[in-house]
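For clarity, every value in this text was computed on a predicted model and none was experimentally measured. As the structure lists them, so they are numbered: ligands from 1, and atoms in each ligand from 1.
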Amino acid sequence: MIVLGIETSCDETAAAVVDDDRQILADEVLSQVAEHSPYGGVVPEIAARAHLENIDVMVSRAMKKAGIGFAELDGVAVTGGPGLIGGVLVGVMCAKAISCVHRLPFLAVNHLEGHALSARLCSDVDFPYLLLLVSGGHCQLLIVEGVGRYRRLGTTLDDALGEAFDKTAKMLGLGFPGGPRVEKAALDGDESRFSLPRPMKGRKGCHFSFSGLKTAVRHAISALPPGRISERDAADICASFQAAAADVLADRSANAIAELRSSHPRAGTMVIAGGVAANRYLRERMEKLAENEGFRLIAPPRNLCTDNAAMIAWAGIERLELGLVDDLDFAPRPRWPLDANAPPAAFAGAKA
Ligand code: KG4
Ligand code: ZN
């Protein structure tokens with residue numbers, strides 16, 4: 001079984017071809033960083049136009065690289081949401097056209113499901129497992145019970161962790177996208193220099209909150225002597241920020257492991273996914289946590305953590321194998337929670 005995947009929900013125009021033997025035959029990603037950089041963040045209108053300009057080229061490139069024709073495909077999978085709706089529309093229309101012309105099954109994939117199942121593309125991982133999904137728009141702990149079966153244990157009450165990374169970078173003048181730049185700056189930093197808060201640490205449950213941490217970073221920066229922020233200051237703030245974020249992730253994940261154990265006593269795997277899961281420092285911390293808990297940690301390769309179409313093609317394969325095909329009247333969804341039954345998080349403003 002061979003599936004073409006398309007991803008356009010944020011600022012990467014991506015197309016990939018994957019087979020059911022877990023071979024990635026092509027994995028093409030075109031980043032729009034240069035277009036968005038001057039604005040310090042993703043501008044939805046610019047993103048949508050850039051996707052429109054590039055999607056055909058990316059699909060052709062992926063098919064060429066895979067060395068196959070459309071007739072050899074068994075399906076076309078596309079991110080159907082959640083995400084910036086202009087971009088999602090571009091991807092969905094492209095996938096529908098290919099599906100229609102070549103009479104292929106059409107699979108609308110939840111972007112978060114793409115991240116959630118990416119571990120099964122790169123490793124032997126059976127259901128159920130614990131998933132820590134940390135990206136630019138989401139920060140959640142979920143039990144993955146099967147394809148399409150997710151139980152959310154916790155989510156963020158305010159900012160996603162990727163957002164906090166991006167804002168920290170912006171405040172320090174490190175540029176965009178912030179996550180990788182904060183990680184790089186932190187390599188030379190002293191994580192004990194600034195004592196930053198660990199929001200929610202020690203509390204019951206699995207929810208997160210990062211706005212207080214972001215505010216504390218802002219206060220730490222404004223308390224520095226006036227003038228340009230030195231490289232040393234920036235490195236120390238980044239290291240202190242990362243250490244605080246890692247403590248919070250480890251604390252919340254330990255609670256989630258306990259919850260997973262109580263409902264699924266034989267489960268023993270934790271997966272991290274999403275753009276922030278590309279961070280080496282956080283990966284190491286989660287590795288230690290898993291080891292202490294007697295769990296196996298699966299962290300997909302970094303290029304499968306940040307947005308890509310291989311994970312969408314793979315989720316498409318998993319869905320196709322179960323006969324979960326979509327109709328061509330599928331409407332793109334700006335919001336699409338993985339667990340529609342999750343109780344709302346405790347405070348107003350929590351993200352789905
Ligand atoms: O999953 P993703 O590529 O897009 C979304 O679905 O949101 O995640 C993007 C987020 C951004 O906030 C980016 O700064 C963050 O992931 N990110 C990182 C790293 N690489 C990307 N955060 C921390 N360390 C990294 N190395
Ligand atoms: Zn993502």
Within a strict 4.5 Å, meaning less than it, do heavy atoms of the [X] and [Y] side chains meet?
X	Y	result
Arg296	Met270	no
Asp159	Lys214	yes
Leu289	Met286	yes
Pro82	Ser9	no
Tyr39	Ile46	yes

Quick check: does [X] get an N/O under 3.5 Å from an N/O on ligand 1?
X	result
Asp166	yes
Asp307	yes
Pro177	no
Thr306	no
Phe165	no

Would you mind listing which atoms of ligand 1 come within a distance below 4.0 Å of any non-hydrogen atom of [X]?
X	value
His111	6 (O)
Gly137	7 (O)
Gly162	12 (O)
Gly136	5 (C), 7 (O), 8 (O), 9 (C), 10 (C), 12 (O)

Task: Asp158 side chain vs Ser209 backbone, donor-acceptor pair below 3.5 Å - done: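 No: the side chain of Asp158 does not pair with the backbone of Ser209.
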Open item on the list: If we ignore hydrogens and angles and just use 3.5 Å, is the side chain of Arg120 paired with the main-chain N or O of Ala315 as donor and acceptor?
Closed with: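 Such a contact is absent between Arg120 side chain and Ala315 backbone.
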Open item on the list: Heavy-atom pairs closer than 4.0 Å: do any link ligand 1 to the side chain of His115, the backbone, both, or neither?
Closed with: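 For His115, the contact with ligand 1 is made by the side chain alone.
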Task: Minimal non-hydrogen separation, Asp27 against Ile24, with atom names - done: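 In terms of heavy atoms, the two residues are closest at CB-CG2, 3.7 Å.
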TODO: Would you name the heavy atoms of Leu161 and Cys139 that are closest together and state the gap between them?
DONE: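 So the two residues come closest at N-CB, 4.1 Å.
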- [ ] Using the side chain to side chain donor-acceptor pair (under 3.5 Å) rule, collect all pairs that involve residues 224-237, keeping only residues at least two apart or in two chains.
- [x]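 Listed by first then second residue: Arg193-Asp233, Arg193-Asp236, Ser230-Asp233, Arg232-Asp236.
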Task: Salt bridge flag under 4.0 Å for residues Glu163 and Lys167 - done: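 Yes, Glu163 and Lys167 are salt-bridged.
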Residue, atom name and distance, where the atom is the protein heavy atom closest to [atom]:
atom	value
atom 24 (N) of ligand 1	Asn279 ND2, 3.1 Å
atom 26 (N) of ligand 1	Glu183 OE1, 2.7 Å
atom 20 (N) of ligand 1	Gly275 O, 3.5 Å

Task: Heavy-atom nearest option to atom 18 (C) of ligand 1, drawn from Gly274, Ala160, Ala245, Gly179 - done: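 Checking each option, the heavy atom nearest atom 18 (C) of ligand 1 is found in Gly179.
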Open item on the list: Does the residue His138 have a heavy-atom contact with ligand 1, meaning some pair of atoms that are separated by less than 4.0 Å?
Closed with: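 No, that is not the case, since the closest heavy atom of the residue is not under 4.0 Å from the ligand.
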Open item on the list: Could you check, using the six-membered ring where one of them is a Trp, whether Phe165 and Phe241 have ring centers closer than 6.0 angstrom?
Closed with: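 Yes, the ring centres sit under 6.0 Å apart.
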Task: Worked check of side chain to side chain contact (heavy atoms under 4.5 Å, CB included) between Leu260 and Tyr129 - done: CA-CA 8 Å; Leu260 174 66; Tyr129 54 85; 5.9 Å; no
Open item on the list: At a cut-off of 2.8 Å, what protein N/O/S atoms sit near the Zn ion (ligand 2)?
Closed with: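 Result, waters dropped: His111 NE2, His115 NE2, Asp307 OD1.
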